[in-house]
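Taking it in order: structure first as C-alpha cells, then the write-up.
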Protein chains: 2
Amino acid sequence: METNHSQKILDFYKDNKRMPVYTEIMKLVGFRSKNAVHKLINKLVEKDILDKDSRGRLIPNNLFGEVPMLGLVEAGFPSVAEEAILDTINLDDYLIKNKAATYLLTVKGDSMIDAGIQEGDLVIAERKDEAKVGDIVIAEVDGGWTMKFFRKKGQVAYLEPANKAYKPIYPEASMHIAAVVKGVIRKY
Amino acid sequence: METNHSQKILDFYKDNKRMPVYTEIMKLVGFRSKNAVHKLINKLVEKDILDKDSRGRLIPNNLFGEVPMLGLVEAGFPSVAEEAILDTINLDDYLIKNKAATYLLTVKGDSMIDAGIQEGDLVIAERKDEAKVGDIVIAEVDGGWTMKFFRKKGQVAYLEPANKAYKPIYPEASMHIAAVVKGVIRKY
DNA sequence: ATTATAGGTGAACGTACGTTCACCTGCAAG
DNA sequence: CTTGCAGGTGAACGTACGTTCACCTATAAT
C-alpha cells in the first residue's frame with residue numbers, strides 16, 4: 001500500500017517535474033486531511049524513500065529520480081533484498097554535458113555497424129565545427145549528410161565508415177563538420 | 001546576460017531536482033530584492049524559457065529538462081537559428097519503464113559484439129524471471145553469470161552469443177534468468 | 001467489556017512564498 | 001538640461017504551505 005502511495009508521488013514527479021504539495025498528495029492518494037499526508041510522509045522519510053529539505057518541502061532522493069548502477073555483467077544480478085549498488089546516476093546528466101547544443105538523431109544505414117552503431121539507434125550529437133581525429137562526426141560532404149569516423153592522412157581530412165563494404169570518403173569540394181557524436185542509445 | 005541567468009537556474013534545477021524560489025534566485029544571480037527576480041522571471045516566461053504554474057511557482061519547460069530530437073542523420077543538422085525539431089524527450093522516461101526493477105550494468109567481454117554491444121557499454125536491465133525468445137537476457141548458467149540471446153530449440157532453452165568465435169550455451173545443470181536487457185548506452 | 005494503537009478527520013497556527021507598491025538610480029534621446 | 005525608461009531596492013500584503021493540536025474511529029490484544 002505504501003509502495004502504491006510512493007509510486008503515485010513518483011508519477012506526479014515524472015509528469016510535473018516537481019514534487020507535489022500536501023494538498024496535491026491528498027487528492028493523489030485519497031486523503032481528506034493534510035495531517036494524514038504529514039504522517040504518511042514522515043513514514044516514507046524514515047524508510048529513506050523520500051527526503052525533506054529544511055523548509056519541509058519534499059525532495060526526491062536517489063531511489064526516486066535515478067537509476068542504480070551495478071558492477072559488471074559477470075558479477076551477477078542482485079535479488080530484491082541484497083542490493084549491491086555501486087552508484088546511482090541520472091541518465092540525462094550522465095550523457096549530456098552541454099544541453100543547449102545537444103540533439104538526438106536517428107541512425108539510417110549500416111555504415112557504422114562495426115563501431116556498434118546500428119540502423120534505428122539514437123545518437124547523441126553535440127554541435128561543434130571541429131573534431132579530433134578518431135571522433136565520430138556528423139558532416140556535410142559535397143552536398144550530402146553522413147555520419148562517419150573523422151580521420152586525417154597527413155594534412156588531408158577524410159571520413160571513414162565502420163563497414164568494410166564502404167570506402168573512405170575524401171571530400172572533393174567541401175566538408176563541413178556539424179556535430180560530434182557523444183553517445184549512442186539503443187532501445188529494445 | 002539573461003542566458004547566463006537562466007543557465008544558473010538550470011544548474012540549480014539539475015543539482016536540487018526542483019526549481020529555485022525567488023530568494024534562492026536572488027543569491028544565484030546577485031540581486032538584493034525579490035522584485036528584481038520577479039521582473040526577470042516575467043521576461044524569461046515571455047521568451048518561453050520558463051513557465052509558471054497557477055500559483056506562481058516555476059516549472060521547467062521543454063527547452064529546459066529535455067533534449068530535442070531531430071530526424072535522420074541524412075536529413076542533416078540544423079543551424080542555431082532554424083531548429084527543425086521533431087520532438088523533445090527525456091532520456092530517463094524514454095528508456096526506463098519500470099524504474100523500481102531497472103538497473104544499469106557495465107558490459108565485459110565481446111560475446112555480443114555482433115549485436116552492437118561492446119565492452120564498456122552500459123546495458124539497461126529490467127529484473128524479470130522469464131524472457132521471450134529473441135530477448136537479450138542476463139542469466140546465471142551453471143554457476144556463472146552471462147549476457148546472451150535467449151533462444152529455444154523445440155522445448156530446450158539455450159543462450160546464444162552474438163559472436164561467431166563463441167558457441168551457444170546449453171545449460172547442463174541450471175539456468176536462471178535474472179533480467180532482460182531493455183537498452184544499450186554508450187558514451188564516447 | 002476494556003484498553004491500546006494505528007490511521008484518519010478537521011481546524012488553527014506560524015511562516016515562507018509570489019506579488020505589488022512606492023521609490024531610487026544610471027544612461028540615452030530630445 | 002530634462003525627460004523617459006529599463007532595471008534595481010526595500011517594505012508591505014495576501015495567501016498557500018507544512019506543521020500541530022484535539023478528536024474520532026476501526027481493529028486487535030488483554
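Chain identifiers are assigned alphabetically (A, B, ...) following the order of the sequence lines, protein sequences preceding nucleic acid strands; residue numbering begins at 1 within each chain. Only heavy atoms go into these numbers, but all of them, side chains included; no hydrogens, no water, no symmetry mates. Computed from a predicted structure; not experimentally measured.
- Non-hydrogen atoms lying under 4.0 Å from DNA chain D are contributed by B/Phe31, B/Arg32, B/Ser33, B/Asn35, B/Ala36, all within residues 28-38 of chain B.
- A close approach under 4.0 Å does occur between a side-chain nitrogen or oxygen of A/Thr23 and OP1 or OP2 of D/dC17.
- Of the candidates D/dG7, C/dG18, D/dC17, the closest approach to any side-chain atom of A/Val21 belongs to D/dC17.
- Counting atom types as modelled, B/Lys39 pairs a side-chain N or O with a base atom of D/dG8 as donor and acceptor under 3.5 Å.
- Counting to the nearest Å, the C1' atom of D/dT9 and the NZ atom of B/Lys27 are 17 Å from each other.
- Atom CG of A/Leu40 and atom P of D/dT20 are 16 Å apart (whole Å).
- Note: NZ (B/Lys52) to P (C/dC17) measures 15 Å, nearest angstrom.
- Classification of the A/His38-A/Tyr22 ring pair by plane angle, with boundaries at 30° and 60°, yields tilted.
- The phosphate of D/dT19 has neither OP1 nor OP2 within less than 4.0 Å of any side-chain N or O from A/Arg55.
- Figure legend: A/Lys132 and A/Phe150 shown without cation-pi pairing, the cationic atom not lying both under 6.0 angstrom from the six-membered ring centre and within 45 degrees of its axis.
- Remark: A/Arg57 is not in phosphate contact with C/dA16, judged by side-chain N or O atoms under 4.0 Å from OP1 or OP2.
- At a cut-off of 3.5 Å, with distance as the only test, a side-chain donor of B/Arg127 or B/Tyr103 sits close to an acceptor on the other residue.
- Whole-Å rounding puts the B/Ile25 CD1 to D/dT9 P distance at 14 Å.
- In this structure, B/Asn163 contributes its side chain and B/Ile113 its backbone to no donor-acceptor pair below 3.5 Å.
- Computed from coordinates, the B/Tyr22 OH to C/dT20 C1' distance equals 12 Å when rounded to whole Å.
- A/Lys43 has its NZ atom 11 Å from the C1' atom of C/dG8, to the nearest Å.
- Looking at A/Asp53, its side chain does come within 3.5 Å of a backbone N or O of A/Arg55 through a donor-acceptor pair.
- A side-chain donor-acceptor contact under 3.5 Å links A/Asp110 and A/Tyr166.
- The pair B/Arg151-B/Glu160 meets the salt-bridge criterion, since a charged nitrogen lies less than 4.0 angstrom from a carboxylate oxygen.
- For the pair A/Ile41 CD1 and C/dG7 C1', the computed distance is 15 Å after rounding to whole Å.
- Distance, B/Met26 CE to C/dC17 P: 11 Å, rounded to whole Å.
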